[in-house]
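Below is one structure, written out as structure tokens; comments come after it.
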Amino acid sequence: SQQGEEDPQALSIQEGENATMNCSYKTSINNLQWYRQNSGRGLVHLILIRSNEREKHSGRLRVTLDTSKKSSSLLITASRAADTASYFCATDSLGGAQKLVFGQGTRLTINP
Amino acid sequence: NAGVTQTPKFQVLKTGQSMTLQCAQDMNHNSMYWYRQDPGMGLRLIYYSASEGTTDKGEVPNGYNVSRLNKREFSLRLESAAPSQTSVYFCASSTTSGGNYRETQYFGPGTRLLVL
């Protein structure tokens, strides 16, 4: 079963615009992570936010976490064509086994 | 550092054939994982190894076996391949913090498997 559910499933925007993707989860977590996957490649870690953090930044990325709503969002500002990829959230559940659980991903397309 | 390497990159099997997918990491990570990814879907965990000498089932273990050969290597074996196992397989590794939190996972490039 999927712990994280991303929304939307697909997003298409113009270069320079901001892109926002959301992730909802079901159980309490230790941390939540976001990964990017370019077509035909493995996943690359973007950012990790712990359960006691509310917001985190890395370059053009901004991640928020609302543990009361069991949700997170990933904002990519000033998007570029190179940001075209699928984005996945992954959760590390409290008391869970030694594993992350990945959502189904958001496919982001940046149009030049 | 090569990171996480996987072999082969691509494989075609006939139904009933067996094969082993190899994975190695050079980051001294304790934990290693095997996932499969089907079109339009996220990753589903097949098996994982929290530390050398241990392996545990994930979400979709049926039809697979694994071996944690040493700290660096974690192999995935299909004993009798079926068309339903056509997928892209990813290996990953990670550290585990002192608080037993699951930290960043590092992924290999994947193996594309086609079972006819």
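Naming convention: chains lettered A, B, ... in sequence-line order (proteins, then strands); numbering from 1 in each chain. Values reported hereafter were calculated over all heavy atoms of this structure, with side chains retained and with hydrogens, waters and symmetry mates removed.
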Open item on the list: At a 4.5 Å cut-off on heavy atoms, which part of B:Q6 comes close to chain A: side chain, backbone, both, or neither?
Closed with: neither
- [ ] Under 4.5 Å between side-chain heavy atoms, chaining through other members, with only Ile, Leu, Val, Met, Phe, Trp and Tyr counted: pull out the rest of the cluster around B:W34, sorted by chain and number.
- [x] B:L13, B:M19, B:L21, B:M32, B:I46, B:Y47, B:V60, B:Y64, B:V66, B:F74, B:L76, B:L78, B:Y89, B:L113, B:V115
- [ ] Quick one: which of A:G105, A:G40, A:A90 has the most heavy-atom pairs under 4.5 Å with chain B, could you say?
- [x] A:G40
Open item on the list: Counting heavy-atom pairs under 4.5 Å with chain B, which one of A:R41, A:Q37, A:Q9 comes out on top?
Closed with: A:Q37
TODO: Give, as side chain, backbone, both or neither, the part of B:Y35 having an atom under 4.5 angstrom from any heavy atom of chain A.
DONE: side chain
Task: CZ-CG distance between B:R72 and B:D26, expressed to the nearest 0.5 angstrom - done: 6.5 Å
Open item on the list: Which residue is it: A:Y87, A:Y35, A:W34? I am looking for the one with a ring pair (Phe, Tyr, Trp, His ring centres under 6.0 Å) to A:H45.
Closed with: A:Y35
Task: Segment of A:E6 engaging chain B (4.5 angstrom heavy-atom cut-off) - done: neither
Task: Given A:T20, A:L108, A:T64, A:L61, the one that forms side chain to side chain contact (heavy atoms under 4.5 Å, CB included) with A:L74 - done: A:L61
- [ ] Mind listing the closest non-hydrogen atom pair of B:T20 and B:S75 along with its distance?
- [x] CG2-CB, 3.7 Å
